[in-house]
J.: 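Submitted below is the structure of interest, expressed as structure tokens.
Chain letters run A, B, ... following the sequence lines, proteins first and then strands; every chain starts at 1. None of the values given here were measured: they were computed from a predicted structure.
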There are 2 protein chains.
Amino acid sequence: MKKYFSVLRECALFCDIADEDLLRMLSCLGARVESFDKKYTIFAEGKPVRHIGIVLSGSAQAVQLDYYGNRSIVMGIGVGEVFGEAFACAEVPAIPVSIVANEPCEVMLIDCGHILHTCANHCSFHHQMIYNMMRDLAMKNLRFHHRVEITSKRSTRDKLLAYLLMFAKETGKDSFDIPFDRQELADFLEVDRSGLSAEIGKMKKEGLIECNKNHFVLL
Amino acid sequence: MKKYFSVLRECALFCDIADEDLLRMLSCLGARVESFDKKYTIFAEGKPVRHIGIVLSGSAQAVQLDYYGNRSIVMGIGVGEVFGEAFACAEVPAIPVSIVANEPCEVMLIDCGHILHTCANHCSFHHQMIYNMMRDLAMKNLRFHHRVEITSKRSTRDKLLAYLLMFAKETGKDSFDIPFDRQELADFLEVDRSGLSAEIGKMKKEGLIECNKNHFVLL
DNA sequence: AGAAATCGGTTGAATTTTCAACAAAAGGAG
DNA sequence: CTCCTTTTGTTGAAAATTCAACCGATTTCT
């Protein structure tokens, strides 16, 4: 487990928890690590989840498929980020999205009940973890607000610009790689891929942005 | 304060807290009640918030205004519901939405710090409240997932249907009043009002729904 | 290295949405 | 009750998105 400490230290769920406590905690929590191939569905839409996941390597996505097979990407999930916690904490009988491995990845799985409910050993870290979970959920909420800000824009261009500006603001740079390919970006922005490609082309010509594959520069 | 107990008992934040503790708690938390006129901005976009709000009567909305003045309604906030908690818990320097009174309303305001951090009196309820706050935030997360499911639809009709079906599923009825007028519904679904009116008209003619003002029936 | 699959850009046509403007209906104030 | 404001429905034109199809380029796999 120790090799994952560098990731876990950055994970919101383990904030303010000392290294020396971590190993004991993980054992008490029954944490286990699993590996998934690209495209593997880690949690399936419509099913309940009792576990939360922490991405240790690779990346995943929260994905929704509708009636007609249209995909929408609700959020990207990178190294150190948690997924499934909202569903596990709210104890929903059917989760509204699937969590899909975006590339080969390792995930730490923890039964959420073990986190939230004091165990027989009367471990002392539960309160801290509940507090951390609360902060994590508050941050997730913020991300949804940002997503609404982006997708509420009516035109493809405004959505893309809102997304890129948000990215620039978060990273503090105006040159960055986004974690999506074209189709994924379209499915995140809720627009048509070909229209998105066309719009990116126009914006390049107008000198608004530079773009090469998934590398963008704001001008 | 006692006259608000019937509301507070239903509030997710006070779940599993006994009536006899409530009064003492509210005093310790420094809870105060304020009244706001219709359209009053309770929390303003761009500012930080330290307080959470609980709607005691009336209703409010979380509203975002963009560049061009386009409004989008992020969520409706009814009696017994909490607002601002995500921003206060995440300690953001600038909140991304405004909270606006949708009609005359009474709101209980509580400094979030008083909830999350143990006070000098060593009150025992903080842990329970942090737990409740966590559950509340998890439920809010779910609502965002549902909102994404609705607004990710590409057409006005599909968005409206998704919204109505969601409403029917939550209330368990296929006949209900929605909490929005036409313009508000359009701003929630992220579509044009006139187009929405036209679409509702079509769907009535096709026998898909009945609709009278804000009362809808699914057929 | 070669074949297959994926990805990204382009195009034109069809469909929708948006926009602005107007009129009818409903609701409130005096 | 009447006037004024707000809300809702309608319309037509303009603009944008979607859709399907195609092709070249890149990547992946054997």
Side-chain angles (χ1 to χ4, degrees), chain A residues 37-39 58 61 66-73 100-104 150-163 177-206 208-216, chain B residues 37-39 61 66-73 100-104 150-163 177-206 209-216:
Chain A
D37 292 334
K38 179 171 178 172
K39 295 198 178 177
Q61 294 174 337
D66 74 3
Y67 256 15
Y68 311 110
N70 292 322
R71 176 179 72 166
S72 77
I73 295 177
V100 179
N102 196 38
E103 51 186 319
I150 291 166
T151 57
S152 71
K153 298 280 186 297
R154 292 298 209 281
S155 69
T156 298
R157 168 172 300 210
D158 284 343
K159 286 183 185 180
L160 177 59
L161 271 176
Y163 174 70
D177 291 336
I178 66 172
F180 297 128
D181 64 28
R182 284 288 177 283
Q183 184 65 59
E184 290 170 339
L185 181 56
D187 290 343
F188 180 79
L189 299 180
E190 325 274 24
V191 298
D192 180 67
R193 181 194 60 80
S194 68
L196 175 61
S197 269
E199 198 61 45
I200 290 174
K202 278 193 209 167
M203 290 167 73
K204 272 157 72 168
K205 272 188 187 158
E206 293 178 28
L208 284 171
I209 58 172
E210 283 174 17
C211 164
N212 205 294
K213 311 233 20 149
N214 68 334
H215 184 78
F216 284 79
Chain B
D37 293 333
K38 181 173 179 170
K39 293 197 181 180
Q61 293 174 337
D66 74 3
Y67 259 13
Y68 311 110
N70 292 323
R71 175 178 74 164
S72 77
I73 295 177
V100 179
N102 196 37
E103 49 186 320
I150 291 166
T151 57
S152 70
K153 298 282 186 296
R154 293 297 210 280
S155 69
T156 299
R157 168 172 300 208
D158 284 344
K159 285 183 185 181
L160 177 59
L161 271 176
Y163 173 70
D177 291 336
I178 66 171
F180 297 127
D181 64 28
R182 284 286 177 282
Q183 183 65 61
E184 289 171 339
L185 180 56
D187 290 343
F188 180 78
L189 300 180
E190 325 275 24
V191 298
D192 179 68
R193 181 194 61 78
S194 69
L196 175 60
S197 270
E199 198 61 45
I200 290 175
K202 277 193 211 168
M203 290 167 72
K204 272 157 72 169
K205 271 187 189 161
E206 294 178 27
I209 58 172
E210 283 173 17
C211 164
N212 204 293
K213 311 236 16 148
N214 67 334
H215 184 78
F216 284 79

J.: How far does CG of A:Asp158 sit from OH of B:Tyr68, to the nearest 0.5 angstrom?
T.: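 One gets 4.5 Å once the value is rounded to the nearest 0.5 Å.
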J.: If you round to the nearest 0.5 Å, how far is CG of A:Asp181 from NZ of A:Lys213?
T.: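 Atom-to-atom, A:Lys213:NZ and A:Asp181:CG are 8.5 Å apart.
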J.: Using a cut-off of 4.0 Å on non-hydrogen atoms, how would the nucleic acid contact of A:Asp192 be classed: base, sugar-phosphate, or nothing?
T.: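 Result for A:Asp192 = base.
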J.: State the CD-NZ distance between B:Gln61 and B:Lys39, to the nearest 0.5 angstrom.
T.: 11.0 Å
J.: Distance check needed: D:dT17 P versus A:Glu199 CD, whole Å only.
T.: 6 Å
J.: What nucleotide, of D:dA16, C:dT16, D:dG9, holds the atom closest to the side chain of A:Ser155?
T.: D:dA16
J.: Whether the side chain of B:Arg154 engages the backbone of B:Lys159 through a donor-acceptor N/O pair (distance < 3.5 Å, no angle test) should be reported.
T.: no
J.: Of B:Gln183 and A:Arg157, whose nearest nucleotide on DNA chain D comes first from the 5' end?
T.: B:Gln183
J.: Which nucleotide wins on minimum distance to the side chain of B:Asp181, given the candidates D:dT17, D:dT7, D:dG9?
T.: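 Taking heavy atoms from C-beta onward, the closest nucleotide is D:dT7.
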J.: B:Glu103 CD to C:dG27 C1': how many Å, rounded?
T.: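 Between C1' of C:dG27 and CD of B:Glu103: 16 Å.
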J.: Could you check how far CZ of B:Arg71 sits from C1' of D:dT7, rounded to whole Å?
T.: 12 Å
J.: Rounded to the nearest angstrom, tell me the gap between atom CG in A:Asp66 and atom C1' in D:dT18.
T.: 14 Å
J.: Does OP1 or OP2 of C:dT18 have a side-chain N or O of A:Arg154 closer than 4.0 Å?
T.: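 So the side chain of A:Arg154 is within the cut-off, an N or O lying under 4.0 Å from OP1 or OP2 of C:dT18.
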J.: Can you measure B:Lys202 atom NZ to D:dG9 atom C1' for me and round it to whole angstrom units?
T.: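 Taking atom C1' of D:dG9 as the reference, NZ of B:Lys202 is at 14 Å.
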J.: Between C1' on D:dT28 and CG on A:Asp37, what's the gap in Å once rounded to a whole number?
T.: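 Roughly 15 Å, once rounded to whole Å.
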J.: Let me know, please, whether A:Lys213 or A:Gly195 comes out on the 5' side of the other along DNA chain D by nearest nucleotide.
T.: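 First, find each residue's nearest nucleotide; the 5'-ward one identifies A:Gly195.
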J.: In whole angstrom, what separates A:Leu196's CG from C:dT11's C1'?
T.: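 In whole Å, C:dT11 C1' lies 16 Å from A:Leu196 CG.
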J.: Between D:dA20 atom P and A:Tyr68 atom OH, what is the distance in whole Å?
T.: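 Whole-Å distance recorded here is 13 Å.
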J.: Quick check on D:dT17: is either OP1 or OP2 less than 4.0 Å from any side-chain nitrogen or oxygen of A:Thr156?
T.: yes
J.: Of all the nucleotides listed (C:dT18, C:dA21, D:dA21), which has the minimum atom distance to the side chain of A:Arg193?
T.: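 In terms of side-chain proximity for A:Arg193, the closest of C:dT18, C:dA21, D:dA21 is D:dA21.
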J.: Got a second to check how far A:Arg71's CZ is from B:Ser152's OG, nearest 0.5 Å?
T.: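 A:Arg71 CZ to B:Ser152 OG: 12.5 Å, rounded to 0.5 Å.
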J.: By nearest atom, which of the nucleotides D:dC19, C:dG9, D:dT10 is closest to the A:Arg182 side chain?
T.: C:dG9
